[in-house]
2 protein chains.
Amino acid sequence: MNAPQLTRNQSLVFDVLEKAEGPLSAYTILDKLRDQGFRAPLQVYRALEKLLEYGVVHRLESINSFVACAHPGEDCHSHGIVAFAICESCGQVIEFHDHEVDHRLMGWVRSQKFKPAKTTIEIRGTCEACAA
Amino acid sequence: MNAPQLTRNQSLVFDVLEKAEGPLSAYTILDKLRDQGFRAPLQVYRALEKLLEYGVVHRLESINSFVACAHPGEDCHSHGIVAFAICESCGQVIEFHDHEVDHRLMGWVRSQKFKPAKTTIEIRGTCEACAA
DNA sequence: ATTGCACACGTTATAGCATAACGCAATTGA
DNA sequence: TCAATTGCGTTATGCTATAACGTGTGCAAT
């Protein structure tokens, strides 16, 4: 799905994520948007739901946070499975697409007659800069 | 790390997970152990922390739940990265180990000079039995 | 033996993440 | 016009996880 014109709330949330250095939790986003009139978590979650649907934002399951897609203008859903390296020290996220990993995992699920819907690959650790 | 003798609380939590058909949340475990004297979430979380450390239980990040390792008696940490297929309908979990996927992902993180600590691979979808 | 340490445990409180349920307004298309 | 859809705002609630405190027990070093 490609992103249609974003609504005001969706734009605000997306802008916050784009300008952020790393992933943000929904409540952090909420705090950053209080001046813009945001009052409740649902305003953030509803916007995020759409942004995820449009493929312009990713959810990082292992840290309950959200990050803008590293490929501006594209729909990340078209890249196949996305893997993330998440630095537990500075929070920086590196995005990665690998067809071989896709192929391998999808081959396995098919052999199990399992029908995949959403795949998560997240590697937590320490980035080069933070590896003292 | 190999599992030493489990404490009472650790045994109780592990037993609940082993007897369960699928993954359980910490609070579900708590409810199942009220009769055994459990009163507070921390009792469950502390036991889980150890069981994860011993490699006899896995945490499923994408559904905030925990599941007993499919390889009784072994330490799953020694199998390399573990991937899970999680049925969103019946909750069943299939565990999977693939060295090629490991190799590919670890090759990538090394190329990024990223030092991996913990890797999560979770595929949510529908299992064979539930695929109507 | 006693001191000090490590560890498991219990309890209360609180923090952090996410959604249910209601109602309203604007838009669109039959 | 009417119905359906979508976004929005609000209140309330539920679920997930940890902080901070204190207790007891076992064990090793002195």
Side-chain angles (χ1 to χ4, degrees), chain A residues 1-17 20 22-54 56-67 86 88 91 118 120 122 124, chain B residues 1-17 20 22-54 56-67 86 88 91 118 120 122 124:
Chain A
M1 161 150 4
N2 224 347
Q5 191 58 37
L6 299 183
T7 67
R8 167 179 162 82
N9 283 6
Q10 288 160 18
S11 292
L12 287 168
V13 169
F14 184 65
D15 285 353
V16 165
L17 281 175
L24 301 177
S25 76
Y27 278 72
T28 302
I29 297 171
L30 174 58
D31 286 340
K32 288 180 182 293
L33 289 175
R34 295 230 182 251
D35 292 345
Q36 272 55 250
F38 274 48
R39 313 294 312 274
L42 259 194
Q43 295 176 281
V44 176
Y45 281 108
R46 288 205 273 233
L48 285 171
E49 187 179 12
K50 287 300 178 183
L51 295 171
L52 290 167
E53 192 179 317
Y54 302 152
V56 297
V57 161
H58 300 290
R59 168 185 226 124
L60 302 177
E61 313 272 5
S62 66
I63 57 172
N64 297 313
S65 293
F66 303 85
V67 68
I86 305 167
E88 290 176 312
K118 175 84 171 64
T120 297
E122 296 175 18
R124 285 162 328 280
Chain B
M1 161 151 3
N2 225 348
Q5 191 58 35
L6 298 183
T7 66
R8 168 179 160 80
N9 284 6
Q10 289 160 18
S11 292
L12 287 168
V13 169
F14 184 65
D15 285 353
V16 166
L17 281 175
L24 301 177
S25 76
Y27 280 75
T28 303
I29 297 171
L30 173 59
D31 285 339
K32 288 181 183 292
L33 289 175
R34 297 229 180 250
D35 292 346
Q36 273 52 251
F38 274 50
R39 313 295 314 272
L42 258 194
Q43 295 175 282
V44 176
Y45 281 108
R46 287 205 272 234
L48 286 172
E49 187 179 13
K50 287 299 178 186
L51 295 171
L52 290 167
E53 193 179 315
Y54 302 152
V56 297
V57 161
H58 300 290
R59 170 186 225 123
L60 301 178
E61 312 271 7
S62 65
I63 57 173
N64 296 314
S65 294
F66 304 84
V67 69
I86 306 167
E88 290 177 313
K118 175 86 171 60
T120 297
E122 296 175 17
R124 278 144 1 261

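All values derive from a computational prediction rather than experimental measurement. Naming convention: chains lettered A, B, ... in sequence-line order (proteins, then strands); numbering from 1 in each chain.
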Starting from [atom2] on [N], measure out to [atom1] on [X] and report it in whole angstrom.
X	N	atom1	atom2	value
A:L12	D:dG7	CG	P	15 Å
B:Q36	C:dC9	CD	P	14 Å
A:L48	D:dG7	CG	C1'	15 Å
A:R34	D:dG9	CZ	P	13 Å
B:R8	D:dG24	CZ	P	18 Å
A:E49	D:dC8	CD	P	12 Å
A:I63	C:dC17	CD1	P	10 Å
A:Q10	D:dT6	CD	P	12 Å

From the set [options], return the single nucleotide nearest to any side-chain atom of [X].
X	options	value
A:N9	D:dC8, C:dG10, D:dT16	D:dC8
B:L42	C:dA20, D:dA19, C:dC17	D:dA19
A:P41	C:dT19, D:dA19, C:dA8	C:dT19

- Query: Phosphate oxygens OP1/OP2 of D:dA17: is one of them under 4.0 Å from a side-chain N or O of B:N64?
  - Reply: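 B:N64 to D:dA17 OP1/OP2: side-chain N or O found under 4.0 Å.
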
- So, is B:T7 close to the C:dA8 phosphate, meaning a side-chain N or O under 4.0 Å from OP1 or OP2?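 No, no such contact exists.
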
Minimum heavy-atom separation for [X] and [Y], please, with both atom names.
X	Y	value
B:E122	B:I63	OE1-N, 4.5 Å
A:Q43	A:R39	OE1-N, 2.6 Å
A:P23	A:S65	CB-CB, 3.8 Å

- Query: Taking for each residue the nucleotide of DNA chain C bearing the nearest heavy atom, is the 5' side occupied by B:Q43 or by A:F66?
  - Reply: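 That would be B:Q43.
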
- By nearest nucleotide on DNA chain C, pick out whichever of B:G37 and A:S65 is the more 5' one.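 With B:G37 and A:S65 compared, the 5'-side residue is B:G37.
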
Within the 4.0 Å heavy-atom criterion, would you say [X] contacts the bases, only the backbone, or no part of the nucleic acid?
X	answer
A:R39	sugar-phosphate
B:R46	base
A:A26	nothing

- B:E49 atom CD, neighbour heavy-atom count above 12 within 6.0 Å: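 Open: at most 12 neighbouring heavy atoms sit under 6.0 Å from CD of B:E49.
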
- ring centroid sep under 5.5 Å plus plane angle under 30, B:Y27 with D:dC15: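 The base of D:dC15 is not stacked with B:Y27 (the test needs centres under 5.5 Å and planes under 30°).
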
- Item | Per-pair stack call B:Y45 and D:dT18, 5.5 Å, 30° |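 Aromatic stack with D:dT18 absent for B:Y45.
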
- Query: NZ/B:K118 to CD1/A:I86 distance, rounded to the nearest 0.5 angstrom?
  - Reply: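 B:K118 atom NZ to A:I86 atom CD1 measures 11.5 Å (nearest 0.5 Å).
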
